[in-house]
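Naming: A, B, ... by sequence-line order, numbering from 1 per chain.
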Amino acid sequence: MSSRSRISQPPSSSNFIRQIIETDLASGKHQGIRTRFPPEPNGYLHFGHAKSICLNFGLAAEYGGRCNLRFDDTNPEKEEQAYVDSIIDAVRWLGFDFGPQALFASDYFDFMYRCAEYLVESGHAYVDSQSADDMRHHRGSFTAPGRNSPYRDRSPAENLALLREMRDGRHADGAHVLRAKIDMASPNINLRDPAIYRIKQAAHHRTGDAWCLYPMYTFAHPIEDAVEGITHSICTLEFEDQRPFYDWLLERLAEGGLLERPLPQQIEFARLNLTYVVLSKRKLAQLVQEGHVDGWDDPRMPTLMGARRRGYTPEGLRRFAERIGVSKANQRIDFAILEDCMREHLNEVAPRRMAVLDPVRLVIENYPEGREEFCDVPNHPQRADWGTRPVPFSRELWIEREDFTATPPKGYFRLYPGNRVRLRYAYVVECTGYDQATDSVRCRVFEDSRSGTPGAAAYKVKGNIHWASVAHAYAASVRLYDRLFTVPNPGAGERDFRLELNPASKEVVTAQLEPELRATKALQPVQFERHGYFNPDAALGGFNRTVTLRDSWAKS
RNA sequence: UGGGGAGUCGCCAAGCUGGUCUAAGGCACCGGAUUUUGAUUCCGGCAUUCCCAGGUUCGAAUCCUGGCUCCCCAGCCA
């Protein structure tokens, strides 16, 4: 890494997962590392997934390993190909490479079934024929141990025969279930003979009707990891109690010669929580279904497809993931960090343009009607090599309504009668008043104040406002998005999160844009000077506001 | 309640093989400089303290003991 890139991208700080990896590499347990991002294709990806994706792919890249995109498609009733496509799209958009193709748990169904038969034959699993209700009752509680199922002592031969009947579709859903045989009295409820295979007479989006028996996550996931040679299987905190089973299963299968060592290690981290944002799949679906937002890709949604339309960049999201770090402490990240990451990146890549969002006419009384000239306006104040563009200037301009006031508050240095401001990259004007009949601000220009001319420096003004020529500008709709909720933790406690929706989360205005903006291509972020960063919306036309600029004036 | 986790500045988060910690960094916040974006950039400020209470030690955020608070687990979901 060059010293220059180190300045713009400070070295990432340590975290407990990097330490584990470094220890494993140093001890020789692994020569290299392999991680995986294992979504279930039953919904759309959101910011929380982005954290996991960046973590898994980022770690792999950092240590010269690889990361698989693997779909955990073990429940045919909830999964769809459409989600697979959307997820693949989102991972690629985020900028990660998972090799020639995505992987699927369903590709290992044959092997998983073989593992199940092995467990049965070796006495580590049995077919239970209790109802779901009976199973629950036998499971006990947090304080009371469970009781063995009356079917627990079936012989391996009987279990094997039953399992095969189940596989062959001879039994109805729920009639039997395959369970690991561990300990019904374990203080860890996950070890009280967890179900590992259930009958589902359902078509799978990839295997069709080849199976009517599907493995449970608990059973499938460790095997998927092991088969793929995953070294560090990173998941969220709620799976911590599952780890003993993860290890138990892998050990049994390794003993049986079905798996090779070293076995993968499950490591848990705290999932992402963000202030002013809800990330639960249920709540997100509710927002869409009840019409509180305009679909899954509404720019206000924390989904990756929403983020993309909003104008959030993959680079910004990656910086965010790196900046918030990873730990095991439940957190709630300040939304301002995400916004800061976006501003930081967008500031580097977005060309500047002028757009008047709430237009009011400014008439320059001493500027000839019909005259037009072009001002050279830089595309980026810090990047001279981005060049300039000609922006048309004339007698009547659009300016921001809030850039004029008849009664200036203390500290206000924009337009008010008698005050001078510079029309950005053009002339200095002095406000002469406001004409109610035509709803226009009046002013006179100082001809020798033109930007770039020798006389310009003689004018010292504090205010500097953007503008667009009435004769040349074009009108377009601009959607001003703000946070979707009004409280940092929507739905906390007993509250209904829908009552905390921000009624002003979307404001649509008709703005007046400088002509150059017509050429903005899809997904090309631009900065509207003094406003913020905006992203053209191919479907809706016009622009979506990604994030505002910092505004220390509005704040005070 | 049994089991599993977590508690370091308003929000994240390093540090946790004890001393270099009167605790890194980021966000937020508060100054101040530069600035044709009240933007950016820059510079400065921002925990004698590490959930609490004891203890060990010459010395503890780091070790021990005992508390407290919060999160997760009783799907044939993942």
Side-chain angles (χ1 to χ4, degrees), chain A residues 10-15 38-40 42 72 74-75 77-78 128 130-132 135-137 139-146 173-179 186-192 194-200 214 216-218 220-221 235-244 268 270 275 281 322-341 343-344 347-348 352 354 377-378 380-382 411-414 421-426 428 451-452 456-457 459 461-466 488 527-532 548-556:
Chain A
S12 46
S13 71
S14 162
N15 66 51
E40 180 186 17
N42 72 342
D72 224 332
T74 58
N75 186 350
E77 288 165 341
K78 295 187 175 175
D128 196 348
Q130 296 182 104
S131 67
M135 264 182 71
R136 183 165 56 251
H137 288 122
R139 190 148 35 227
S141 70
F142 288 148
T143 46
D173 288 13
H176 310 282
V177 61
L178 185 69
R179 292 229 252 169
S186 172
N188 180 350
I189 290 180
N190 297 288
L191 259 23
R192 322 246 257 230
I196 57 179
Y197 255 106
R198 77 292 216 192
I199 299 170
K200 271 188 195 294
Y214 293 93
M216 302 273 295
Y217 162 88
T218 314
H221 207 88
C235 62
T236 44
L237 251 29
E238 67 268 29
F239 293 101
E240 253 170 336
D241 292 340
Q242 211 90 59
R243 192 170 65 234
E268 312 85 9
T275 57
K281 199 171 284 182
E322 182 56 47
R323 198 175 291 186
I324 61 176
V326 51
S327 73
K328 300 190 71 158
N330 290 120
Q331 24 81 327
R332 175 156 237 105
I333 306 290
D334 192 334
F335 193 74
I337 295 182
L338 214 207
E339 292 190 315
D340 186 68
C341 289
R343 287 194 189 104
E344 185 183 282
N347 177 47
E348 295 165 12
R352 310 294 110 131
M354 291 199 284
V377 178
H380 190 117
Q382 276 86 237
Y412 185 89
F413 54 58
R414 278 112 92 167
V421 301
R422 161 149 249 127
L423 293 169
R424 202 154 167 69
Y425 296 113
V428 169
S451 290
Y459 290 84
V461 292
K462 285 197 86 176
N464 198 310
I465 67 175
H466 59 96
Q527 184 198 90
F528 288 175
E529 297 212 37
R530 303 210 300 136
H531 282 302
T548 63
L549 252 29
R550 278 202 190 80
D551 188 349
S552 54
W553 163 252
K555 219 173 263 178
S556 54

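Taking atom C1' on both U57(B) and U69(B), the two are 29 Å apart, rounded to the nearest angstrom. Taking atom P on both nucleotides, U65(B) is separated from G15(B) by 23 Å, rounded to a whole Å. Nucleotides C16(B) and A60(B) have their C1' atoms positioned 10 Å apart, rounded to a whole Å. Distance check on atom P: A61(B) versus C21(B) gives 12 Å, rounded to whole Å. Rounded to a whole angstrom, the distance from the C1' atom of A24(B) to that of U8(B) is 12 Å. Going from the C1' atom of C73(B) to that of G26(B) covers 34 Å, rounded to whole Å. The C1' atoms of G7(B) and C51(B) are separated by 6 Å, rounded to the nearest whole Å. The same atom, P, is picked in C9(B) and in G25(B); the two are 15 Å apart, to the nearest Å.
We find that K78(A) and E40(A) are not joined by a salt bridge, their nearest charged nitrogen and carboxylate oxygen being 4.0 Å or further apart.
T236(A) places no side-chain N or O within donor-acceptor distance of the main-chain N or O of E238(A), the cut-off being under 3.5 Å.
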Are there any protein N/O atoms within less than 3.5 Å of an N/O atom in nucleotides 19-21 of chain B, and if so, which ones and at what distance?
none

Could you list the protein-to-nucleotides 74-77 of chain B atom pairs, N/O on both sides, closer than 3.5 Å?
residue	atom	partner	partner atom	Å
A74(B)	O2'	R139(A)	NE	3.1
G75(B)	OP2	R139(A)	NH2	3.2
C76(B)	OP1	R139(A)	NH2	3.3
C76(B)	OP2	R139(A)	NH1	3.4
C76(B)	N3	G174(A)	O	3.4
C76(B)	N4	Q130(A)	O	3.0
C76(B)	N4	A132(A)	N	3.2
C76(B)	N4	G174(A)	O	3.0
C77(B)	OP2	R198(A)	NE	3.1
C77(B)	OP2	R198(A)	NH2	3.1
C77(B)	OP2	K200(A)	NZ	3.4
C77(B)	O3'	R198(A)	NH2	3.1
C77(B)	O2'	N75(A)	ND2	3.3
C77(B)	O2'	K78(A)	NZ	3.4

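Every residue meeting the salt bridge (Lys or Arg N to Asp or Glu O under 4.0 Å) condition with D340(A), not counting sequence neighbours, appears here in chain and number order: R323(A), R550(A). Shown here are the salt bridge (Lys or Arg N to Asp or Glu O under 4.0 Å) partners of R179(A), two or more places apart in sequence or in another chain: D128(A).
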(request) Indicate for each nucleotide in nucleotides 9-17 of chain B, in 5' to 3' sequence, whether protein heavy atoms under 4.0 Å reach the base (B), only the sugar-phosphate (S), or nothing (-). (result) --SSSSS--
(message) Return a single string for nucleotides 34-45 of chain B, one symbol per nucleotide in 5' to 3' order, where B is base contact, S is sugar-phosphate-only contact and - is none, cutoff 4.0 angstrom on heavy atoms.
(response) --BBBBB-----
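Using a 4.0 Å heavy-atom criterion, one finds that D72(A) contacts the sugar-phosphate atoms exclusively. At a threshold of 4.0 angstrom between heavy atoms, the contacts of E339(A) with the nucleic acid are absent.
Between F239(A) and Y217(A), the angle of the ring planes lies from 30° to 60°, which puts this pair in the tilted group.
Rounding to the nearest 0.5 Å places OH of Y425(A) at 9.5 Å from CZ of R352(A).
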